[in-house]
Undergrad: 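Here it is, the structure, as structure tokens.
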Amino acid sequence: MHGIISKPPEGTRNLATSRGVLLLLVVMTGIAPISLYILVPALPVLATTFGSDISIAQMTVSLYMVGIALSQLIMGPLSDRFGRRPVLLGGLALMVAASVACIFAETLPQLIAARFFQALGGASGMVISRAIIRDIYERDRVASMISLVVAALMIGQMVSPLTGGLIETAFGWRAIFYAITIAAIIVAVGIALTLPETRRSRAGGGGFRGDVGILIKSRAFVGYVMCQVLASQIIFTFAGGGPYIVVTQMGRSSAEYGAWFATTGFAFLVGNLLCVRFAPRHSLEKLIWFGLALQLCGSLLNLLWSFTGWNEAPSCLFGTQMIVMVGNAFVMANSAAGAISIRPEAAGTASGAMGFLQQGIGALMSQFGAYLGGHSATTLPLTSAVLAISLLCACVMVFVVPRREVTVSEALIEQAEEDESGMM
């Protein structure tokens, strides 16, 4: 029966208290996104070096994001079938090989292709780390551990563009890929030496097709994934339209926009740290609703400021957006925890599907946000879109997620899933 919850393997009992394993989860999660942002300052140099337009050089970033999205869809199910360790090590081996190819790339198309495979391999850590968290922690700690990993990751992402700029200035753009290669090798060695297999034993209905069928039939899984993906679209939409609003509409410099945008990242970091503190003592449902309330209040204030004209200054626009981002952290972490807890032995498949939808739809919403910001004379279209997404998140929690599924008890999870299967 699919509601049966299997126990973690024997060798994983002490992992939940290991700081070394927690650090390993952080670095395996962060190596792909940090490798994305660390190259951004070198894009103008790449365009000059290869004699190409900056838009072509930008493909080293855009196709990298495509690689991340596809990796999440592929690596998650593979880790459920073959285990976390072999898929992680295989993915990192692919990243190392692709990073070496980046170092010796002679043309920009070669570099773009190598970057795609670099992301395809490196992003295995993003999807599998969430599955490992579900493997080794009790369900009431999953959200807090995801938040802790994301909080540490945010710090790395905020400093990676500066690091990339310093490396490029001192040693040239190829040195960035030397650094990525060394980092990937270190992470792979750490996994090989310290991380045992954490995948749970298969229950009835095992296999990729069985996992997908069970997850799709679960209202709770669909609801949590929709909530998490919609919440992430707030970030992509605002990030897409923000530069046009600040630089074009408000007449500020790109450097000033970068400084203001960093405040939203800081707010997201604060939200994750608060989630770490409160998640063990409160249910997923309460924490998601708390986050939704903050999202709605912040986005509604931003819309009101748009009508009054107050948020034509960056301080008002980003000040209220910071409220949205604190709530966003609560919604995303706890929705992700709920989704990967529906069927723990298929946590990789669940995590991969969620990450693929997040990145894939995010690319479209980023373009949509850019259109709203670049074809408007006010902030009203963008703030209206953010409010609409916040309302959709709340509607998913009201109409899709069954209240009885949200619990911190493993025994009650089993009972809830059995009850749901009888209603299908």
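Position 1 is the first residue of the sequence, and the numbers go up from there.
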Undergrad: Test of understanding: with ring pair (Phe, Tyr, Trp, His ring centres under 6.0 Å), list the residues that count as partners of Tyr371, not counting sequence neighbours.
TA: His375
Undergrad: Side chain to side chain donor-acceptor pair (under 3.5 Å) with Ser232: which residues, sequence neighbours excluded?
TA: none
Undergrad: Of the options Leu391, Thr383, Ile389, which is the one that meets Leu387 in a side chain to side chain contact (heavy atoms under 4.5 Å, CB included)?
TA: Leu391
Undergrad: Sequence neighbours excluded, which residues qualify as side chain to side chain donor-acceptor pair (under 3.5 Å) partners of Thr320?
TA: Asn302
Undergrad: The test is side chain to side chain contact (heavy atoms under 4.5 Å, CB included); show your working for Leu195 and Leu88 and say whether it passes.
TA: CA-CA 10 Å; Leu195 187 68; Leu88 268 173; 4.1 Å; yes
Undergrad: With sequence neighbours left out, which residue pairs that include part of residues 105-120 fulfil the side chain to side chain donor-acceptor pair (under 3.5 Å) condition?
TA: Ser99-Gln118, Arg115-Gln118
Undergrad: Using a cut-off of 6.0 Å, state whether more than 12 heavy atoms not belonging to Phe268 lie near its atom CZ.
TA: yes
Undergrad: Tell me whether Ser79 contacts the main-chain N or O of Gly76 through its side chain, where contact means a donor paired with an acceptor under 3.5 Å.
TA: yes
Undergrad: Looking at residues at least two apart in the chain, or sitting in another chain, which of them share a ring pair (Phe, Tyr, Trp, His ring centres under 6.0 Å) with Tyr64?
TA: none
Undergrad: Could you measure the distance from the CD1 atom of Ile68 to the CG atom of Leu73? Nearest 0.5 Å is fine.
TA: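 Answer rounded to 0.5 Å: 14.0 Å.
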Undergrad: How long is the gap from CG on Asp80 to CZ on Arg343, to the nearest 0.5 Å?
TA: 9.0 Å
Undergrad: Exactly one of Leu43, Thr49, Thr48 should register a side chain to side chain contact (heavy atoms under 4.5 Å, CB included) with Val45. Which one does?
TA: Thr49
Undergrad: Taking only distance into account, with no hydrogens and no angle test, what donor-acceptor pairs under 3.5 Å do side-chain atoms of residues 122-129 form with protein atoms, sequence neighbours excluded?
TA:
from	atom 1	to	atom 2	distance (Å)
Ser124	OG	Gly121	O	2.7
Ser129	OG	Thr29	OG1	2.8
Ser129	OG	Gly125	O	2.9
Ser129	OG	Met126	O	3.0

Undergrad: How many angstroms lie between CE in Met322 and CG in Leu294, if you round to the nearest 0.5 Å?
TA: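 The CE atom of Met322 sits 12.5 Å away from the CG atom of Leu294.
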Undergrad: How long is the gap from CH2 on Trp260 to CD on Gln321, to the nearest 0.5 Å?
TA: 13.0 Å
Undergrad: Nearest heavy-atom pair of Cys227 and Ile288: which atoms, and what distance?
TA: SG-CG2, 4.2 Å
Undergrad: Under the criterion ring pair (Phe, Tyr, Trp, His ring centres under 6.0 Å), I'd like the reasoning laid out for Phe238 against Phe318: C-alpha separation, chi angles, the key distance, then a yes or no.
TA: CA-CA 10 Å; Phe238 190 83; Phe318 285 91; 5.5 Å; yes
Undergrad: In terms of heavy-atom contacts, does CZ of Phe50 have more than 12 from other residues, nucleotides or ligands at under 6.0 Å?
TA: yes
